Student: 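Encoded as structure tokens, here's the structure I'll be asking about.
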Amino acid sequence: MEQPVVLITGAGGNLGRAVVEELAPKGARLVCVDRNQETVAALVASLPSGPDVLGVEVDLTDMTSCLCAAQKAHDRFGRIDALVNTVGGFKMGPVDAPGIDQWDALMMLNARTAYSISAAVLPSMQQRQHGRIIHIAASPGLKAGGRQAAYGASKAAVIRLTEAIAAENRIHRITANCILPGTIDTPENRAAMPDADTGSWVPPSAIARLIAFLVSEHASAVTGAAIAAGGF
Ligand SMILES: NC(=O)c1ccc[n+]([C@@H]2O[C@H](COP(=O)([O-])OP(=O)(O)OC[C@H]3O[C@@H](n4cnc5c(N)ncnc54)[C@H](OP(=O)(O)O)[C@@H]3O)[C@@H](O)[C@H]2O)c1
């Protein structure tokens with residue numbers, strides 16, 4: 001794929017930025033999406049390849065805004081080859097009455113966002129009979145531990161969404177896969193777990209390389225998968 005057009009959501013976050021740094025030197029044309037305008041502007045300004053990078057401020061919980069972002073990507077580059085959706089987050093809490101708010105918040109942050117940006121980019125990919133969709137789930141989406149009801153259920157939704165997209169779009173030659181990272185080595189995790197053994201954590205760059213593979217033609221046979229990237 002020459003100069004693939006890749007729409008990266010959460011591009012200003014830990015993993016999103018690593019994906020940008022992995023794909024930009026390889027000649028990809030990037031649509032960098034995040035919800036904060038300053039984050040997007042700073043990210044785009046930090047990249048050398050001006051004309052090949054488009055920054056778009058979007059709240060992914062809003063379907064109309066996602067459609068608008070896909071249209072902007074299309075207007076600029078004429079197509080979208082891949083969606084790399086890194087938007088998501090983590091919170092723990094027991095199943096109790098106040099926890100209903102956390103349930104709603106994580107369903108919004110992890111599940112609704114993945115659905116809306118997928119729905120926004122799919123028509124363009126279906127028209128071209130080509131596309132790659134990569135979401136980020138997590139292992140509690142397969143089996144939750146205690147205090148992981150909302151997180152596990154919202155990431156399970158991402159896995160099921162990925163499978164459904166893969167099944168529906170096989171005829172359109174669009175692949176859809178999700179990655180289940182272990183603990184990612186981020187400043188936030190280091191601050192939250194100062195005594196943890198970080199040796200088994202996964203560097204964002206390692207997941208970014210896996211994503212680059214899934215975006216590439218080499219991964220054309222991989223679809224509907226939930227790929228564990230748990231580190232050592
Ligand atoms: N970190 C880990 O250890 C870990 C482990 C397993 C799975 N994961 C998953 O990996 C993915 C990336 O994690 P990360 O550590 O890179 O997260 P991150 O640093 O928090 O990055 C997420 C980015 O998405 C943005 N965002 C949040 N909600 C949005 C919305 N509605 N619309 C548009 N942008 C939005 C955030 O903006 P704000 O900064 O404004 O919120 C942030 O820039 C997530 O899906 C996470 O659940 C992470």
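Since the model is a prediction, treat every value here as computed from it, not as a measurement. Atoms within a ligand are numbered from 1 in the order they appear, just like the ligands themselves.
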Student: Below the 3.5 angstrom mark, is there an N/O of L15, backbone or side chain, next to an N/O of ligand 1?
Tutor: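 Looking only at distances, the answer is yes, because the N/O contact criterion of under 3.5 Å is met.
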
Student: Closer than 4.0 Å to some heavy atom of D59 - which atoms of ligand 1 meet that?
Tutor: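 Those of ligand 1 that fall under 4.0 Å from D59 are 30 (C), 31 (N), 32 (N).
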
Student: Consider every N or O of P181 and every N or O of ligand 1, then say whether any pair is closer than 3.5 Å.
Tutor: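 Not met; the criterion fails.
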
Student: Do any nitrogen or oxygen atoms of R35 come within less than 3.5 Å of a nitrogen or oxygen of ligand 1?
Tutor: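 By distance alone, the answer is yes.
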
Student: Is there a chain of hydrophobic side chains (I, L, V, M, F, W, Y, each step under 4.5 Å between heavy atoms) that links V19 to V222?
Tutor: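 In one cluster with V19: V222, yes.
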
Student: Go through ligand 1 atom by atom and flag the ones less than 4.0 Å from a non-hydrogen atom of L109.
Tutor: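 Contacts of ligand 1 toward L109, numbered from 1: 27 (C), 28 (N).
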
Student: Report, in ascending order of atom number, the atoms of ligand 1 lying under 4.0 Å from any heavy atom of G13.
Tutor: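 In order of number, 19 (O), 21 (O), 43 (O).
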
Student: Using a distance-only test with no angle check, is there a side-chain donor-acceptor pair under 3.5 angstrom linking Q126 and N169?
Tutor: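 Looking only at side-chain atoms, N169 and Q126 do form a donor-acceptor pair, the distance falling under 3.5 Å.
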
Student: I'd like to check which ligand 1 atoms, numbered from 1 as shown, lie under 4.0 Å from a non-hydrogen atom of A137.
Tutor: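 Once the distances to A137 are compared, the set is 7 (C).
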
Student: Does the residue N189 have a heavy-atom contact with ligand 1, meaning some pair of atoms that are separated by less than 4.0 Å?
Tutor: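 Per 4.0 Å heavy-atom rule, N189 contacts ligand 1.
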
Student: Under 4.0 Å from a heavy atom of T183: which atoms of ligand 1 are those, numbered in the order shown and with their elements?
Tutor: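 With T183 as reference, the close atoms of ligand 1 come out as 3 (O).
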
Student: Would you call the rings of F213 and H218 parallel, tilted or perpendicular if under 30° counts as parallel and over 60° as perpendicular?
Tutor: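 Aromatic pair F213/H218 classed parallel.
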
Student: Could an N or O of ligand 1 be found under 3.5 Å from any N or O of T186, whether backbone or side chain?
Tutor: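 There is no such contact.
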
Student: Could you list which atoms of ligand 1 come closer than 4.0 Å to a heavy atom of G182?
Tutor: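 Answer, ordered by atom number: 5 (C), 6 (C).
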
Student: Which of the numbered atoms in ligand 1 are below 4.0 angstrom from a heavy atom of V58?
Tutor: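 Under 4.0 Å from V58, ligand 1 has these atoms: 32 (N), 33 (C).
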
Student: Under the 4.0 Å line, does any protein heavy atom show up next to atom 39 (O) of ligand 1?
Tutor: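 So far as the 4.0 Å threshold goes, atom 39 (O) of ligand 1 is out of reach of every protein heavy atom.
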
Student: Output the list of atoms in ligand 1 that are nearer than 4.0 Å to some heavy atom of Y151, sorted by atom number.
Tutor: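 Those of ligand 1 that fall under 4.0 Å from Y151 are 6 (C), 7 (C).
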
Student: Does ligand 1 have any atom that is closer than 4.0 Å to a heavy atom of T86?
Tutor: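 Checking ligand 1 against T86, which is what was asked, there is a heavy-atom contact under 4.0 Å.
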
Student: Pairing donors with acceptors under 3.5 angstrom, does anything connect the side chains of H135 and S118?
Tutor: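 Their side chains do contain a donor-acceptor pair, which is all the 3.5 Å distance test asks for.
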
Student: Return yes if a side-chain donor-acceptor contact under 3.5 Å exists between H74 and Q127, otherwise no.
Tutor: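 No - no donor-acceptor pair under 3.5 Å links their side chains.
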
Student: For A11, is the nearest heavy atom under 4.0 Å from an atom of ligand 1?
Tutor: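 It does not, in that no heavy atom of A11 comes within the 4.0 Å cut-off of ligand 1.
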
Student: Can an N or O of L60 be found at a distance shorter than 3.5 Å from an N or O of ligand 1?
Tutor: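 It does: an N or O of L60 is found under 3.5 Å from an N or O of ligand 1.
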
Student: Using a 4.0 Å heavy-atom cut-off, which part of K155 comes near ligand 1: side chain, backbone, both, or neither?
Tutor: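 It is the side chain that gets close, since no backbone atom is under 4.0 Å.
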
